[in-house]
Number of protein chains: 2
Amino acid sequence: MTSARPYHHGNLRQAVLDRAAEVLRERGAASLSLREVTADIGVSHAAPRRYFADRQALLDALAADGFARLGLRLREAVESAPTFGDQVRAIADVYVAFAVSEANLLELMYAHGRGGDGPLVEARATEAFTPLLDVFRRDQARARRAPGEAERTGTLFLATLQGIAGLASCGVVAADQLDGLVDEAVARYGTGSAAAS
Amino acid sequence: MTSARPYHHGNLRQAVLDRAAEVLRERGAASLSLREVTADIGVSHAAPRRYFADRQALLDALAADGFARLGLRLREAVESAPTFGDQVRAIADVYVAFAVSEANLLELMYAHGRGGDGPLVEARATEAFTPLLDVFRRDQARARRAPGEAERTGTLFLATLQGIAGLASCGVVAADQLDGLVDEAVARYGTGSAAAS
DNA sequence: CAACATAGTTGTCACTGGATACATTGCCTG
DNA sequence: CAGGCAATGTATCCAGTGACAACTATGTTG
């Protein structure tokens, strides 16, 4: 292992993704340089080209991975919560935690939609939000509501969480206000049809 | 004073800002090149250095200007609406319209907070949102609520609007869902102290 | 072992942004 | 009104970056 690095890295694609994710988290997508990443890994500057056609492809992969991880966490959160209210609470906690700790990644994930080219990313995005919307769909099934209201409420809840996290990331919302905002959002959206009380 | 002299541009700073705003709107901050802007204006690429120390300074100025314009529109919206509900409605319309039509600018405005350096921008941001929060503060004054609740509700409303616009910009929310979401947000936050329901 | 496919390297080019030395203009003072 | 001087714009150079093409090392297979 201390011998000269083998010609074949063996897992270069993943190594590039890992290091790029670190840089992204620390300094943002704008200052993510392919050359720096390759230098850190210890390969030549053109090595990743085989796996990522260009810089944008690497960013796409990072965004897609981000959606996959976010979706997984949302799914786990929903599955581990018994009631609608608990699920809403768990979703809020998971989403805001993700959004705050990986603010740069989330920005990349969303900024990407405007770029236009990224069918994979878009698919991952809708897939990631499915568990969230399902929570509201199931709640709607228990009550009598206008069709489509679950999607609208769920999307509005998602938008609220995203907005909270965004304002927190950019400093408009102070850190000590964050929990209170999340609490209020959960209170407003988590009562659903069951807890009309 | 603004007479077109062959040598002294006379209004170079504003010309750079104007052209940069166009490029930002069309193609985003990432592909905003000082050289391209100066070429479009017809001066050399180093000319703006007198006014903008570097590229980031130009972006800062654009973001600050964006907050100023957004704040102005919010203020006008509030002043032209008589009741609390109307004001909330007007704020929502103005904010979402701004966020959708100037998505790249808004991204720059928010992304900036993370950059760290920008006291001016931060001041402009809080200033821009003052009219919005004031609307909720006045509503709170009419009702008896816990102190600070107005700020929290207002901030939550702002977060919701920002989230809606963000999801719409990146395609997670389709264009034909946008109005419905805004309507529901207004319904949820615009009833204020009057409708405790 | 020879031919081939795969994985990574080297070299190069175009472009971008920052820095600096220099030129031109117009004001300002003695 | 002449010479200095600051404001303004120009001409160049340098470093970093992404894209691309040609080359080389390694693994695989008949």
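The sequence lines fix the lettering, A, B, ..., with proteins before strands; numbering per chain opens at 1.
- Of all the heavy atoms in B/Ala20 and B/Leu58, the pair that sits closest is CB-CD2, 4.0 Å.
- Under a 4.0 Å N-O distance rule, the pair A/Glu22/A/Arg19 qualifies as a salt bridge.
- Contacts with DNA chain D (heavy atom under 4.0 Å) in residues 19-35 of chain A: A/Leu32, A/Ser33, A/Leu34, A/Arg35, listed by number.
- Checked for salt-bridge contact, A/Arg89 and A/Asp86 miss the test: no charged N lies under 4.0 Å from a carboxylate O.
- Looking at which nucleotide of DNA chain D each of B/Ala47 and A/Ala53 is closest to, the 5′-most match is held by B/Ala47.
- Placement of B/Tyr51 and B/Leu62 within a single hydrophobic cluster is found when ILVMFWY residues are connected by side-chain heavy-atom separations under 4.5 Å, directly or transitively.
- If you measure from atom CG of A/Asn11 to atom C1' of C/dT6, you get 15 Å, rounded to the nearest angstrom.
- Distance CG (A/Leu58) to P (D/dA19): 10 Å, rounded to an integer number of Å.
- For A/Ala46, whose side chain is taken as the heavy atoms from C-beta onward, the closest listed nucleotide among C/dA19, C/dT10, D/dT10 is C/dT10.
- Atom NE2 of A/His45 and atom P of D/dC20 are 13 Å apart (whole Å).
- Of the possible donor and acceptor atoms, one in the side chain of A/Arg55 sits under 3.5 Å from a partner among the backbone N and O of A/Leu32.
- Summarising the geometry, the separation between CZ on A/Arg13 and C1' on C/dA7 is reported as 15 Å, rounded to the nearest angstrom.
- In this model, the phosphate group of D/dC20 is approached by a side-chain N or O of A/Arg49 to a distance below 4.0 Å at OP1 or OP2.
- Between the CZ atom of A/Arg55 and the P atom of D/dA19 there is a distance of 8 Å, given to the nearest Å.
- Between the CD1 atom of A/Ile41 and the P atom of C/dG8 there is a distance of 10 Å, rounded to whole Å.
- The CG-P distance, from A/Asp54 to D/dA21, rounds to 14 Å in whole Å.
- A donor-acceptor pair under 3.5 Å is formed between the side chain of A/Gln87 and the backbone N or O of A/Ala81.
- Look at CZ on A/Arg50: it is 12 Å from C1' on D/dA21, rounded to the nearest Å.
- Residues B/Thr160 and B/Arg188 are not in side-chain contact: their nearest non-hydrogen atoms beyond the backbone lie 4.5 Å or more apart.
- If you check every strand for non-hydrogen atoms under 4.0 Å, A/Tyr51 touches sugar and phosphate atoms only.
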